[in-house]
Amino acid sequence: MDYFDIVNMEVPEKKMGNLLGYKKILGKKELPVVDGLSSNNKCIVRGGESGILDRALRRNNVIGIIIKDNELIRMSVEEVKETDKLLFLSVHDLTCVDTRTRLRNLYRMRGLLSFATHSKAKVSLISLAEDESCLLSSIQMIEMAKFLGANEEQAKKMINNLGEIQ
Amino acid sequence: MILKRKYRYVLILTSRDIDASAFSNSISNEIMKFMGELAYSEANPRIVAQYTPRLFVIKSKRGFEDRVILASSFVRQINGTKIGLYTLKTSGTIKSLMIYAKQVKD
């Protein structure tokens, strides 16, 4: 199974990406994360209101959404399922934040993943690393997905989902 | 009958060069912080080999390697220096990791 990742920085060298176990890593130039509906290029939309997220999901250039602060917005998750797009969970919210925020995000992300799995929405786990120290290998990402409540098969699928879109 | 203890070996790459002796203690502390003392004492992770200043092997009790991998994901700084730890491979024998590490070095 091929694994993919999205980072919020320059793409690391291909050799490094392969070493970490990814077929391809997309950087902020190829697939940016934007707040709101400002971009007309291929992007991921991050937002905290269901109105904006639902409108974003109906756009062709948006491949998926990131819910701000990992709050469970049921309507948007169901919209992800209906539009056959992706709900992205960012590991950056767990690994590169202070302890208190990490604990809160862990709890919320578990709830979000659980609801998305039951709704049969496609979920993708991405590192969204802002620097080299926030990067994770595919093995670590799979363990992180399992920690969030996914089983082995789901965990691998969560790192592989991006391949179907490319 | 004496049961043989079984271990798993985890090959870890760091984002920057590290001095082995200074690193051993601090990485243990960081991993313990994220695993918790009880899980740490059961897993008993130890650095057993260092191939390059960026490539080393952690040995842990079998069945606990997933927690060591997860804990290493959360480590962001060691001795005040920002660092990333990437798990490249896990194996039941250190020999197979050595072969893989040679390929990575080249």
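Throughout, a chain's letter reflects where its sequence line sits, starting with A, and its residues are numbered from 1. Heavy-atom basis, side chains included; hydrogens, waters and symmetry copies ignored. What you are looking at is a predicted structure, and each value in this text was computed from that prediction instead of being measured.
For the atom pair OG1 (A/T99) and CZ (B/F34), the distance works out to 6.5 Å, reported to the nearest 0.5 Å. One distance of note links NZ of B/K89 with CG of A/L19; it measures 12.0 Å at 0.5 Å rounding.
Of residues 137-151 of chain A, those residues with a non-hydrogen atom less than 4.5 Å from any non-hydrogen atom of chain B are, in numerical order, A/S137, A/I139, A/Q140, A/E143, A/M144, A/F147.
A/L135 has its side chain within reach of B/Y86: a pair of non-hydrogen atoms, C-beta onward, lies under 4.5 Å apart. Within the 4.5 Å cutoff, the side chain of A/M16 has heavy atoms near those of the B/L13 side chain. Contact of the B/R76 side chain with the A/C134 side chain is registered, since non-hydrogen atoms from C-beta on lie closer than 4.5 Å.
No continuous path of hydrophobic side-chain contacts links A/L53 to A/L37 [ILVMFWY only; heavy atoms under 4.5 Å]. Linking Ile, Leu, Val, Met, Phe, Trp and Tyr whenever their side-chain heavy atoms come within less than 4.5 Å leaves A/I52 and A/V80 in two separate clusters. Note on A/I66 and A/Y107: separate hydrophobic clusters, where clusters join Ile, Leu, Val, Met, Phe, Trp and Tyr whose side-chain heavy atoms are under 4.5 Å apart, directly or indirectly.
For B/T14, no part lies near chain A; criterion is any non-hydrogen pair under 4.5 Å.
The two residues B/K82 and A/S133 come nearest to each other via the heavy atoms CE-OG, 3.8 Å.
The residue among B/T87, B/V104, B/I69 with the most heavy atom pairs within less than 4.5 Å of chain A is B/T87.
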